[in-house]
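Beneath this line is the structure, given in C-alpha cells, with notes to follow.
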Protein chains: 2
Amino acid sequence: MARLADVSTATVSRVYNEPDKVSPSVRERVLAAATTLNWIPNAAGRALASTRTHIAGAIIPTLDDQVFASQVSGMQAVLAERGITLFLGCSNYDPAQALTQVRAMLARGVEVIAIVGEAHPPELFDALRQARVPYAITYAYREDSPHHCIGFDNRAAFVEIAEHLIELGHRTFAAVFQPSRDNDRVQARVAGVREALARHGIAVRPSHMHEGPATIAFGRQSLRAIWQGVDKRPTAIICGNDQLAIGVLLEAAELGIEVPQQLSVTGFDDVAIAQQIHPSLTTMYVDTAEIGRCAAQYLLDVLDGKESLESGVVQPVLMVRESTGLVGGLD
Amino acid sequence: MARLADVSTATVSRVYNEPDKVSPSVRERVLAAATTLNWIPNAAGRALASTRTHIAGAIIPTLDDQVFASQVSGMQAVLAERGITLFLGCSNYDPAQALTQVRAMLARGVEVIAIVGEAHPPELFDALRQARVPYAITYAYREDSPHHCIGFDNRAAFVEIAEHLIELGHRTFAAVFQPSRDNDRVQARVAGVREALARHGIAVRPSHMHEGPATIAFGRQSLRAIWQGVDKRPTAIICGNDQLAIGVLLEAAELGIEVPQQLSVTGFDDVAIAQQIHPSLTTMYVDTAEIGRCAAQYLLDVLDGKESLESGVVQPVLMVRESTGLVGGLD
DNA sequence: TTGTAAGCGTTATCAG
DNA sequence: CTGATAACGCTTACAA
C-alpha cells in the first residue's frame with residue numbers, strides 16, 4: 001500500500017492521523033492509493049502501536065426493555081460522531097454475567113464503559129480501577145454514590161409519585177413491581193414508596209405488595225389477586241413501570257373497576273402507549289436516550305482530560321393523566 | 001507477566017489457546033500469576049498476531065424498534081457463548097450511515113457481520129466482498145436474493161394478511177404503512193398487499209394509502225383522515241406494524257367505530273400489548289430474537305467452515321384475534 | 001515535509 | 001512439553 005503511493009508507512013500513518021503535517025500532493029496520492037486498493041487502516045495494529053482503541057463499552061441488563069435500548073441508541077449516536085465504536089454487553093440482570101462482560105470488554109481494550117446500575121460485584125469495579133478505565137453508572141443516581149452516575153434518583157421519583165397520590169387523598173395502597181433482586185433501581189423505587197407512605201403513617205400490606213415479571217400479564221394477575229383478596233381494597237396502585245400499570249389498567253377494565261373513580265393507577269417510563277390508552281396513564285417520563293447521550297459525552301470528556309465533574313442528572317417528570325384522581329372519585 | 005510465572009511468552013499464549021499442550025503444573029503457575037497481576041491477554045496484540053479478532057458486527061436501522069433490539073439481543077446471546085463480542089451500529093434508516101458503519105466495522109476487523117435488509121448501496125456489499133467478511137441479511141428473505149438471508153418473506157406475509165381479510169369478505173381496503181424509502185421490507189409488504197388484492201381485482205385508493213412515521217399517533221391520524229374522506233369507507237385497514245394498528249384501534253374507539261363489525265384492523269409484529277388490548281389485535285408474530293440467534297449461528301458456522309447452506313426462514317404466524325371479522329359484522 | 005527504525009503484545013514456527 | 005525468534009500492521013520519536 002505504501003509502496004503503491006511511493007511513500008513510507010510513516011507518511012501513510014500521518015495522512016490519517018495528522019493530515020495537516022503532510023503536503024497536499026502526497027496526501028492525495030496516498031488517499032488515491034487507498035481507494036484503489038480499497039485499503040483501510042487496521043485497527044488492531046493501530047491499537048497496539050498507539051494504545052488507543054477508540055472503543056467504548058456499554059453494559060445493560062437487556063435490550064428487551066425499551067428504556068435500555070434507547071439509552072444505547074443515544075450513546076451510540078454521540079460516540080459514532082467521534083469515530084468511536086460501541087461494544088454491547090447484556091447481563092440479563094445477572095451480576096456474574098455483567099462481570100464476565102466487563103472482563104471481556106477490558107480485554108478488548110475498551111477505553112471507557114457505561115454500566116446500568118450500581119448493584120454489581122466489587123470485583124467488577126476493582127477490575128475497572130485496575131485497568132484504569134473510566135466508567136459511568138447509568139440509570140441511577142445517588143448524591144452519595146462512590147461512582148459517577150448519570151441518571152436520576154429512583155427513590156425520589158417514587159416519593160414524588162406516592163406524594164401525588166397522597167395529595168389526592170389516597171390512604172390505602174398496593175404496589176406492583178418488577179423483580180428487585182440484584183436491581184438497585186427497583187429497590188430504590190420500592191424504598192421511595194415506603195418512605196413517602198410512612199411519613200403519613202401508611203404502609204403497604206404484604207398482600208398488596210406484588211413482585212414479578214415486568215409484563216402486562218403480571219400486572220393483570222396482580223390486580224386480580226389484590227381485588228379478590230381478603231384485605232381492604234386499595235384505592236391506588238403504584239406500579240414499577242408502565243408495562244405493569246397497563247396490565248393493571250386492562251384488568252381493571254375487565255373487572256369493571258372504574259379508573260380513577262374506584263382506583264388510581266401509576267406507571268413509570270411513559271412509553272408511547274401510556275398517553276394513548278384509555279384512561280391515559282399517569283406516569284413519569286424519563287429521557288433515556290438523553291441518559292445515553294450524557295453518559296457518552298461524559299466519557300468522551302474524561303478521555304479528553306476535561307474534568308466535567310457536573311453530575312449527570314436527567315430529571316424524570318411526572319405526567320399526570322387520567323388514571324389518577326381524587327380518592328372516592330370526586331373530581 | 002511471563003517473568004512472574006517464570007515461563008516464556010509463548011507458554012503463556014499456549015495456556016490460553018491450547019491448554020492441553022501445557023503441563024498442569026506450569027499451567028497453574030501461569031494462571032496464578034495472571035490472577036495476581038490481574039492480567040488479561042490483550043486483544044489487539046492477539047488480533048494482530050493471529051488475524052482473528054473474535055468480533056462480530058450487527059447493523060440495524062434503530063434500537064428504538066423492539067424488533068431490532070430483540071434481534072440484537074438474540075445474536076448477542078449466541079455469540080457471547082462463543083466468546084465473540086458484538087459491535088453494534090445503527091443506520092437510522094440511512095444507507096449512507098449504514099455504509100459508514102460497515103466501513104468502521106471492517107476497519108475494526110469484524111470477522112462476520114449481520115445487516116438488516118438488503119436495500120443498501122452496492123459499495124457496502126463490495127466492501128464486504130473485498131474484505132472477505134461473511135455476512136447475513138436479516139429480517140428479509142427472498143428466494144432469489146443474491147445474499148444469504150435470515151428472516152421471512154415480507155411480501156408473502158402481507159399476502160397472507162390480505163387473503164385473511166378477503167376470505168372474510170372484505171373488498172374495500174385502506175393501508176397505513178411506515179416510510180418505505182430505502183426500506184426493502186416495507187416495500188415488499190406493500191407489494192404483497194397490492195398483489196393479493198389485485199388477484200381479486202381490488203386496489204387501494206390513493207386516499208386510503210397512508211405512509212408516515214410508525215407511531216400510534218400516525219395510526220390515529222390516518223384513520224381519522226380515511227374516515228372523514230370523501231371516498232367510500234374501507235371495511236378493513238392493513239397496517240405495516242402494530243404501533244400503527246394500535247393507533248387505528250384507539251382512534252376507532254374514539255370515533256365510535258365498532259371493530260370488527262364496521263372495520264377490521266390488522267397489525268404486524270405481535271407486540272406484547274396486541275393480545276391484551278381490547279379488541280385484541282389480529283397481527284403476525286415474528287420471533288425476532290430467533291432471527292438474531294439464527295443469524296449468529298449461521299455466521300459462526302461459516303467461520304467454522306461448515307457450509308450450512310440451509311436458508312434461514314423464520315416463519316411469521318398469523319394471530320387471528322378480535323380485530324378482524326366478517327365484513328358487515330356478521331359473526 | 002518525509003523517511004528510518006524501534007517497538008506495541010500477541011501468535012506461529014522452529015528447535016530443543 | 002517448552003523456549004527463541006520472527007512476524008502481525010501500525011505509530012512515534014528521531015533523523016534527514
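Protein chains get the first letters and strands the later ones, always in sequence-line order, with residue 1 at the start of each. These numbers come from the heavy atoms of this one structure, side chains and all, not from hydrogens, waters or symmetry mates. Note that the structure is a prediction, hence the values are computed from the model and not measured.
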(message) For the backbone of Glu118(A) and the side chain of Asp184(A), can you confirm whether one donor and one acceptor N or O come within less than 3.5 Å of each other?
(response) yes

(message) Suppose the criterion is side-chain hydrogen bond (donor to acceptor under 3.5 Å, both in side chains): which pairs have a residue in residues 68-88 of chain B, not counting sequence neighbours?
(response) Arg108(A)-Thr85(B), Ser70(B)-Thr288(B), Gln71(B)-Thr138(B), Arg82(B)-Asp304(B)

(message) Rounded to whole Å, how long is the line connecting atom CZ of Arg3(B) with atom C1' of dG9(C)?
(response) 14 Å

(request) Ignoring hydrogens and angles, tell me if any N or O in the side chain of Ser50(A) forms a donor-acceptor pair with the backbone of Arg46(A) under 3.5 Å. (result) yes

(request) Decide if the gap between the ring center of Phe125(B) and the ring center of His147(B) is smaller than 6.0 angstrom. (result) yes

(message) Is any side-chain heavy atom of Ser91(A) closer than 4.5 Å to one of Gln101(A)?
(response) no

(message) With the threshold set at under 4.0 Å for non-hydrogen atoms, list the residues of residues 99-106 of chain B touching DNA chain C in residue-number order.
(response) none

(request) Mind checking salt bridge (Lys or Arg N to Asp or Glu O under 4.0 Å) for Asp94(A) and listing every partner two or more places apart, or none if nothing turns up? (result) none

(request) For DNA chain D, note the earliest and the latest nucleotide, 5' to 3', having some atom under 4.0 Å of a heavy atom belonging to chain A. (result) dG9(D) to dA13(D)

(message) According to side chain to side chain contact (heavy atoms under 4.5 Å, CB included), who are the partners of Ala2(B), at least two apart in sequence or on a separate chain?
(response) Thr9(B), Val12(B)

(message) If you define the side chain from C-beta out and look only at heavy atoms, does anything of Ile115(B) sit under 4.5 Å from Leu128(B)?
(response) yes

(request) Using side chain to side chain contact (heavy atoms under 4.5 Å, CB included) as the criterion, list what pairs up with Pro134(A), not counting sequence neighbours. (result) Val112(A), Val302(A)

(message) Judged by each residue's nearest nucleotide on DNA chain D, which is more toward the 5′ side, Asp6(B) or Ala43(A)?
(response) Asp6(B)

(message) Rounded to whole Å, please give me the gap between CZ in Arg29(A) and C1' in dT1(C).
(response) 12 Å

(message) Under the ring pair (Phe, Tyr, Trp, His ring centres under 6.0 Å) definition, can you give me all pairs with a residue in residues 24-66 of chain B, not counting sequence neighbours?
(response) Tyr16(B)-Trp39(B)

(request) Please list, chain by chain and in numerical order, all residues satisfying side chain to side chain contact (heavy atoms under 4.5 Å, CB included) with Thr53(A), sequence neighbours excluded. (result) Ala47(A), Ile55(A), Glu111(A)

(message) Show every ring pair (Phe, Tyr, Trp, His ring centres under 6.0 Å) that has at least one partner inside residues 74-95 of chain B, sequence neighbours left out.
(response) Phe87(A)-Phe87(B)

(request) To the nearest 10°, let me know how far the axis at one end of the helix from dT1(C)-dA16(D) to dG16(C)-dC1(D) is tilted from the axis at the other, five pairs an end. (result) 30°

Pull out every protein N or O sitting under 3.5 Å from an N or O of nucleotides 11-15 of chain C, one pair per line with the distance.
residue : atom : partner  : partner atom : Å
dT11(C) : OP1  : Asn17(B) : ND2          : 2.7
dT11(C) : OP1  : Arg46(B) : NE           : 2.9
dT11(C) : OP2  : Ser13(B) : OG           : 2.3
dT11(C) : OP2  : Asn17(B) : ND2          : 3.4
dT11(C) : O5'  : Ser13(B) : OG           : 3.3

(request) Grab the CG-P distance between Leu48(B) and dG7(C) for me, whole Å please. (result) 17 Å

(message) Run the side chain to side chain contact (heavy atoms under 4.5 Å, CB included) test against Ala32(A) and tell me which residues pass, sequence neighbours left out.
(response) none

